[in-house]
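Nothing here was measured: the structure is a model prediction, and the numbers come from that model.
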Amino acid sequence: MLKYLFFLIFLIPLCLMLNSWWLVQSMLFMLSFFFIFSMSYFFCWGNLSYLFGSDMISFGLIMLSFWICILMIMSSESILRHDYYSGFFLIIVLLLLIMLYCTFSSISIFSFYLFFEGSLIPTLFLILGWGYQPERLQAGIYLLFYTLLASLPLLVGIFYVYDSVGYIYIPLLSSNFYMNNLFYLCMVFAFLIKMPMFLVHLWLPKAHVEAPVSGSMILAGVLLKMGGYGLLRVFIMLTPFFSMFNYIWISISLVGGVIVSLICMRQTDLKSLIAYSSVAHMGIVIGGLMTLSYWGFCGSFVLMIAHGLCSSGLFCLSNISYERLGSRSLLINKGLMCFMPSMTMWWFLLSSCNMAAPPSLNLLGEISLLNSLISWSYLTMYMLIFLSFFSAAYTLYLYSYSQHGLYYSGIYSCSLGYSREYLLLFLHWFPLNLLIINSDIITFWL
């Protein structure tokens with residue numbers, strides 16, 4: 001695993017060269033291609049090197065991080081065109097990628113915690129440096145304080161584990177030491193805020209709306225998944241407490257998912273709508289994880305990867321419209337079918353993936369999660385009915401309002417779309433629908 005890390009570190013000086021934008025991107029493509037071949041097909045930790053290793057879950061999420069960071073560079077071409085500190089931007093993206101890589105491949109909980117928190121700093125720089133409105137300062141502070149305040153108890157919990165057991169090596173963790181309710185809350189709460197669970201989700205829409213397209217892509221694509229990944233890792237220790245607490249998190253997530261879906265239905269900002277839909281999708285993932293069933297674990301992993309690709313693609317689409325029209329409001333982004341007919345196809349394909357239509361990976365994840373939640377309790381079915389219905393409803397609202405209708409008369413010219421943008425959207429959509437063909441790899445990792 002260290003060889004990939006060194007590859008990334010040695011890419012940083014390359015960013016300072018003139019005209020190195022596409023070179024760095026090509027190098028990252030090459031790295032992701034190499035990384036595919038280091039996949040461990042067996043069900044334990046492989047690729048072990050000092051402090052790092054990967055198993056099936058890590059592999060999927062590291063691959064997703066590589067992919068999203070490559071597409072971030074591709075989608076932020078306007079930074080290169082206007083020469084808006086492009087070298088510094090590339091360095092921030094690479095630093096963020098290094099942090100994510102180390103987070104997902106850490107085999108001790110403490111190093112996982114360090115990199116988990118470290119990934120906030122490059123994200124904050126992205127939002128503060130390349131964001132749009134002055135409110136980005138407030139959004140950055142929201143992001144920082146929500147996640148930092150919740151993760152201090154996690155650090156104390158990790159120290160307690162080390163004090164009790166004498167090691168914090170993830171594959172050896174078990175629940176054979178004294179724990180109480182406070183310890184359970186310390187270990188779980190930081191990850192629930194990162195997911196984000198309903199009631200502590202307010203930092204997410206704010207951060208999304210103020211972030212540049214690259215910030216939104218990495219937030220929706222990978223940073224939300226760190227919460228799910230952390231939960232999957234610490235659950236081995238916390239098994240005695242599940243009968244006491246899990247129904248609370250499941251009920252908050254499912255009821256919150258329905259409420260957030262209703263909030264989506266009255267958004268006028270494209271980005272805000274897609275950001276709130278992320279909260280609704282992550283609600284189902286938290287519910288599936290908390291059932292502690294095989295279906296729930298596999299489904300949550302699948303939906304995390306699917307949502308990462310799909311949500312990131314939708315943010316790219318909203319940015320493409322924003323670059324043309326200078327606004328993200330649905331009142332101005334109407335009738336886009338008349339202006340960019342071929343882009344409408346990509347709106348349709350990614351919107352249908354967002355509402356879990358076949359053959360997308362979202363469908364596989366949602367079927368597994370529905371199975372796990374209904375087998376846990378029949379009462380969840382009432383919320384899941386509304387959640388599925390409204391998920392389709394707000395996606396249709398997003399698609400039909402932006403593509404159909406009478407276009408805004410203030411628009412005077414518009415370009416149909418560059419081949420770079422079509423390639424960018426293809427690279428989001430293609431893996432999303434291709435992976436379902438080989439879904440046994442994704443689902444049989446336990």
Side-chain angles (χ1 to χ4, degrees), residues 64 67-68 71 75 208 213 216-217 220-221 224 257-258 260-262 264-265 267 270-285 299 302-321 328 330 333-370 384-405 417 421-439 442:
L64 181 68
W67 201 245
I68 298 290
L71 297 179
S75 67
H208 269 310
V213 59
S216 290
M217 284 168 71
L224 302 189
V258 175
V260 165
S261 301
L262 289 170
C264 280
M265 296 288 289
Q267 291 300 317
L270 279 173
K271 253 194 176 179
S272 182
L273 199 158
I274 303 164
Y276 274 108
S277 79
S278 293
V279 180
H281 281 114
M282 287 294 121
I284 315 179
V285 170
V302 171
L303 195 62
M304 281 196 293
I305 290 192
H307 174 265
L309 289 164
C310 178
S311 190
S312 173
L314 284 169
F315 278 117
C316 286
L317 277 167
S318 74
N319 182 65
I320 289 168
S321 303
R328 288 192 310 262
L330 274 170
N333 283 281
K334 284 192 304 185
L336 290 181
M337 195 185 266
C338 305
F339 281 110
M340 310 166 79
S342 22
M343 205 56 86
T344 302
M345 182 184 82
W346 290 106
W347 273 100
F348 171 75
L349 290 173
L350 283 161
S351 299
S352 58
C353 289
N354 197 40
M355 63 166 95
S360 66
L361 203 56
N362 298 57
L363 179 74
L364 178 69
E366 288 201 14
I367 287 174
S368 308
L369 290 171
L370 293 178
L384 287 170
I385 289 168
F386 288 113
L387 200 54
S388 300
F389 173 74
F390 286 126
S391 146
Y394 65 66
T395 311
L396 273 173
Y397 162 70
L398 168 70
Y399 173 73
S400 56
Y401 262 63
S402 62
Q403 300 310 306
H404 296 277
E421 290 167 344
Y422 293 122
L423 179 63
L424 169 69
L425 296 167
F426 175 76
L427 291 176
H428 275 111
W429 176 83
F430 186 64
L432 188 58
N433 291 273
L434 187 73
L435 283 171
I436 200 162
I437 299 169
N438 211 357
S439 55
I442 303 176

Q. Which value, rounded to the nearest 0.5 Å, describes the distance between Phe339 atom CZ and Asn333 atom CG?
A. 10.5 Å
Q: Name all residues meeting the side chain to side chain contact (heavy atoms under 4.5 Å, CB included) criterion together with Lys271; count only those two or more places apart in sequence or in a different chain, and write none if there are none.
A: Tyr132, Ser216, Asp269, Phe315, Ser318, Arg328
Q) When you look at OH of Tyr397, are more than 12 heavy atoms from neighbouring residues, nucleotides or ligands closer to it than 6.0 Å? A) yes
Q | Separation of His281 NE2 from Ser261 OG (nearest 0.5 Å) | A | 8.0 Å
Q.
On a heavy-atom basis, which atom in Leu71 and which in Leu424 lie closest, and how many Å separate them?
A. O-CD1, 3.5 Å
Q.
Check whether Ser402 reaches the backbone of Tyr399 with its side chain - one donor and one acceptor, N or O, closer than 3.5 Å.
A. yes
Q: Using a 4.5 Å cut-off on heavy atoms from C-beta on, say whether the side chain of Cys310 contacts that of Asn362.
A: yes
Q) Atom CD of Glu421 and atom CE of Met340: how far apart are they, to the nearest 0.5 Å? A) 6.0 Å
**Q.** pair Leu398-Trp347: side-chain heavy atoms closer than 4.5 Å
**A.** yes
Q. Of all heavy-atom pairs between Ser360 and Ile436, which one has the smallest distance, and what is that distance?
A. O-CD1, 3.3 Å
Q. Considering only heavy atoms from C-beta outward, does the side chain of Asn354 approach that of Leu350 to under 4.5 Å?
A. no
Q | Close side-chain approach of Ile320 to Met343, heavy-atom, < 4.5 Å | A | yes
Q. Below 4.5 Å, heavy atoms only, C-beta onward: do Thr395 and Ser277 meet side chain to side chain?
A. no
Q. Quick one: side chain to side chain contact (heavy atoms under 4.5 Å, CB included) partners of Leu349, sequence neighbours excluded?
A. Met345, Trp346, Trp429
**Q.** Contact summary for Ser311 and Ile274, nearest pair of heavy atoms
**A.** OG-CG2, 4.0 Å
**Q.** Rounded distance (nearest 0.5 Å) linking atom OG1 of Thr344 with atom NE2 of His404
**A.** 7.5 Å
**Q.** Euclidean distance, Ile284 CD1 relative to Leu303 CG, rounded to 0.5 Å
**A.** 6.5 Å
**Q.** Residue pair Met304, Val285: steps toward the side-chain contact (heavy atoms from CB on, under 4.5 Å) verdict
**A.** CA-CA 8 Å; Met304 281 196 293; Val285 170; 4.1 Å; yes
Q.
With heavy-atom distances below 4.5 Å as the criterion, would you say the side chains of Val302 and Ser439 are in contact?
A. no
**Q.** Those residues that, when tested against Pro341, pass side chain to side chain contact (heavy atoms under 4.5 Å, CB included) (two or more places apart)
**A.** Leu416
Q. Roughly how far, to the nearest 0.5 Å, is the NE2 atom of His307 from the CD atom of Glu366?
A. 10.0 Å
Q. How far apart are the closest heavy atoms of Val213 and Cys316, and which atoms are they?
A. CG2-CA, 4.2 Å
**Q.** Closest non-hydrogen atom pair between Val260 and Ala280, with its separation
**A.** CG1-N, 4.0 Å
Q. Does Pro431 reach the side chain of Leu309, with side-chain heavy atoms less than 4.5 Å apart?
A. yes
Q. What is the ring orientation for Phe426 with Phe430, classed by angle as parallel under 30°, tilted 30 to 60°, or perpendicular over 60°?
A. parallel
Q) Between Leu425 and Gly313, what is the shortest heavy-atom contact and its length? A) CD2-O, 3.8 Å
Q) Is the closest side-chain heavy-atom distance between Leu427 and Trp67 below 4.5 Å? A) yes
